[in-house]
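Working notes for the structure below.
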There are 2 protein chains.
Amino acid sequence: MTPNTLNSESLAQKLAHSGLRNTPQREVVYTALLTKRDHPTADEVHARVRADLPTISLATVYNCLETLVQCDLVRAVNFERGPTRYCPNLAPHAHFHDEATGATFDIDLPTGLISKIKDVLPPGYDADAIDIIFRGKTTATR
Amino acid sequence: MTPNTLNSESLAQKLAHSGLRNTPQREVVYTALLTKRDHPTADEVHARVRADLPTISLATVYNCLETLVQCDLVRAVNFERGPTRYCPNLAPHAHFHDEATGATFDIDLPTGLISKIKDVLPPGYDADAIDIIFRGKTTATR
DNA sequence: GACTAGAGTTAGAATAATTCCAAACTCCAC
DNA sequence: GTGGAGTTTGGAATTATTCTAACTCTAGTC
């Protein structure tokens, strides 16, 4: 499979679906997220995309990331106090935040667990999204 | 039951246990959290405690809140992009964030669910804490 | 009771993350 | 090619939080 082409198409599609344009800036930002999936901050994304598009501004990176989140192509993740991080993994998953290194890992969630968790909501509560964040230590090397 | 006395004692105890002093500032900050459990920000806590201690500074409120978190008397909760909010509910629970009003509700978690969720962690991952945040709409009035 | 060391508080400055804003630019559709 | 919506840009502004240095308080010691 050719992830870039595939995802570039899905980018164009999803943008068009929302009546938005597919710009070079949006492409490089999305590609940067797909290329190195280490949950970068907006600042880190900015640094990376400057290689391809030296004049892109940080404000545009924020705009593009927000656009991608709106189009459901990217998830924004917030850990305590730190800057927002971005994740192109759309499968339902949790995040593990290694407190020693600051690294973040995706944790796959078995199908069914999400709905089981949603079951604890009392009547009248309707959740669009659930964020699950583990914090602790890991010996896993990835 | 007299929640303030009870909790004032547990505050003094827990502080002593960590070799810390029980100061008027720490008391009013903790009492403020117990009195109105609406997950206030540091700024909101500051506004509330000024009624009791007009000269308390925002920096001190931040210091006290951090101290209380260290002593496991209070939990810090972070929603996307917003300021950190503080919660004196120590029972394991999730948070529901109403996107329309910005209000936050505690959601009790049945015993066993936490460990069930922890089971999805691959070997080598050791979580100290789990944050579960629902985002959506609610018709619940509380 | 004064002395001292360390813990705690304070106000304001500094920093970090993000958003706002107005001007310039781009892309189509007419 | 003109107009208007959508987009980008750089810098200013805002927000949340931390840092810093001076000051205060307290507990223990003589």
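Within every chain, numbering begins at 1; the chains are lettered A, B, ... in the order of the sequence lines, protein sequences first and strands thereafter. Heavy-atom basis, side chains included; hydrogens, waters and symmetry copies ignored.
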Checklist entry - Of the residues in residues 50-63 of chain A, which ones touch DNA chain C at a heavy-atom distance under 4.0 Å? => result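 Of all residues in residues 50-63 of chain A, the ones placing a heavy atom under 4.0 Å from DNA chain C are A/Leu58, A/Ala59, A/Tyr62.
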Show me the side-chain donor-acceptor pairs of residues 108-116 of chain B shorter than 3.5 Å, one per line, residues at least two apart or across chains.
unit_1: B/Ser115; atom_1: OG; unit_2: B/Gly112; atom_2: O; d: 2.9

Can you measure [X] atom [atom1] to [N] atom [atom2] for me and round it to whole angstrom units?
X	N	atom1	atom2	answer
B/Tyr86	D/dT17	OH	C1'	9 Å
A/His46	D/dT8	NE2	C1'	12 Å
A/Glu80	D/dT18	CD	C1'	15 Å

Item to check | Contact nearer the 5' end of DNA chain C, comparing A/Asn78 with A/Pro24 | outcome: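 Counting from the 5' end, the first nearest nucleotide belongs to A/Asn78.
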Item to check | All pairs passing salt bridge (Lys or Arg N to Asp or Glu O under 4.0 Å) where residues 57-70 of chain A contributes a residue, at least two apart | outcome: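 Output for this query lists A/Glu66-B/Arg81.
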Checklist entry - Which pairs, with at least one residue in residues 53-62 of chain A and sequence neighbours excluded, count as a salt bridge (Lys or Arg N to Asp or Glu O under 4.0 Å)? => result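 The answer is none; no pair qualifies.
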Extract from the structure each pairing of a protein N or O with an N or O of nucleotides 22-27 of chain D at less than 3.5 Å, listing the distance.
none

Checklist entry - Who else is in the cluster with A/Phe79 when I, L, V, M, F, W and Y are joined by side-chain contacts under 4.5 Å? => result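 Taking Ile, Leu, Val, Met, Phe, Trp and Tyr as members, A/Phe79 shares its hydrophobic cluster with A/Val77, A/Ile133.
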Next on the checklist: Going by side chain to side chain donor-acceptor pair (under 3.5 Å), name the residues that satisfy it together with A/Thr23, two or more places apart in sequence or in a different chain.
Outcome noted: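 Testing A/Thr23 for side chain to side chain donor-acceptor pair (under 3.5 Å), a comparison that skips the adjacent residues, returns none.
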Item to check | Test side chain to side chain donor-acceptor pair (under 3.5 Å) applied to B/Glu80 - qualifying residues, sequence neighbours left out | outcome: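 B/Glu80: side chain to side chain donor-acceptor pair (under 3.5 Å) contacts with B/Arg135.
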Checklist entry - Do B/Thr84 and B/Asn78 have a side chain donor and acceptor closer than 3.5 Å? => result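 There is such a pair between these side chains.
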Checklist entry - Looking just at side-chain N and O atoms, do B/His93 and B/His95 make a donor-acceptor pair shorter than 3.5 Å? => result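 On atom types as modelled, these side chains qualify, holding a pair under 3.5 Å.
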Checklist entry - Pairs in or reaching into residues 44-53 of chain B: which pass side chain to side chain donor-acceptor pair (under 3.5 Å), with residues at least two apart or in two chains? => result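 Qualifying pairs: B/Asp38-B/Arg48.
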Checklist entry - Hey, which of these two, B/Thr41 or A/Arg26, hits DNA chain D nearer its 5' end, going by closest nucleotide? => result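 Result of the comparison: A/Arg26.
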Checklist entry - How would you give the extent of chain A contacts on DNA chain C, as first and last nucleotide 5' to 3' within a 4.0 Å heavy-atom cut-off? => result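 First-to-last contact on DNA chain C, by the 4.0 Å heavy-atom rule, is C/dA17 to C/dC27.
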Checklist entry - How would you list, by chain and number, every residue that makes a ring-ring contact (aromatic ring centres under 6.0 Å, His included) with B/Phe96, sequence neighbours excluded? => result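 Testing B/Phe96 for ring-ring contact (aromatic ring centres under 6.0 Å, His included), a comparison that skips the adjacent residues, returns A/Tyr125.
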Item to check | ring-ring contact (aromatic ring centres under 6.0 Å, His included) involving A/Tyr62 - partner list, sequence neighbours excluded | outcome: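 By the ring-ring contact (aromatic ring centres under 6.0 Å, His included) rule, A/Tyr62 matches no residue at all.
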Checklist entry - Just checking B/Thr84: base, sugar-phosphate only, or nothing, at a heavy-atom cut-off of under 4.0 Å? => result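 Sugar-phosphate, backbone atoms only, no base.
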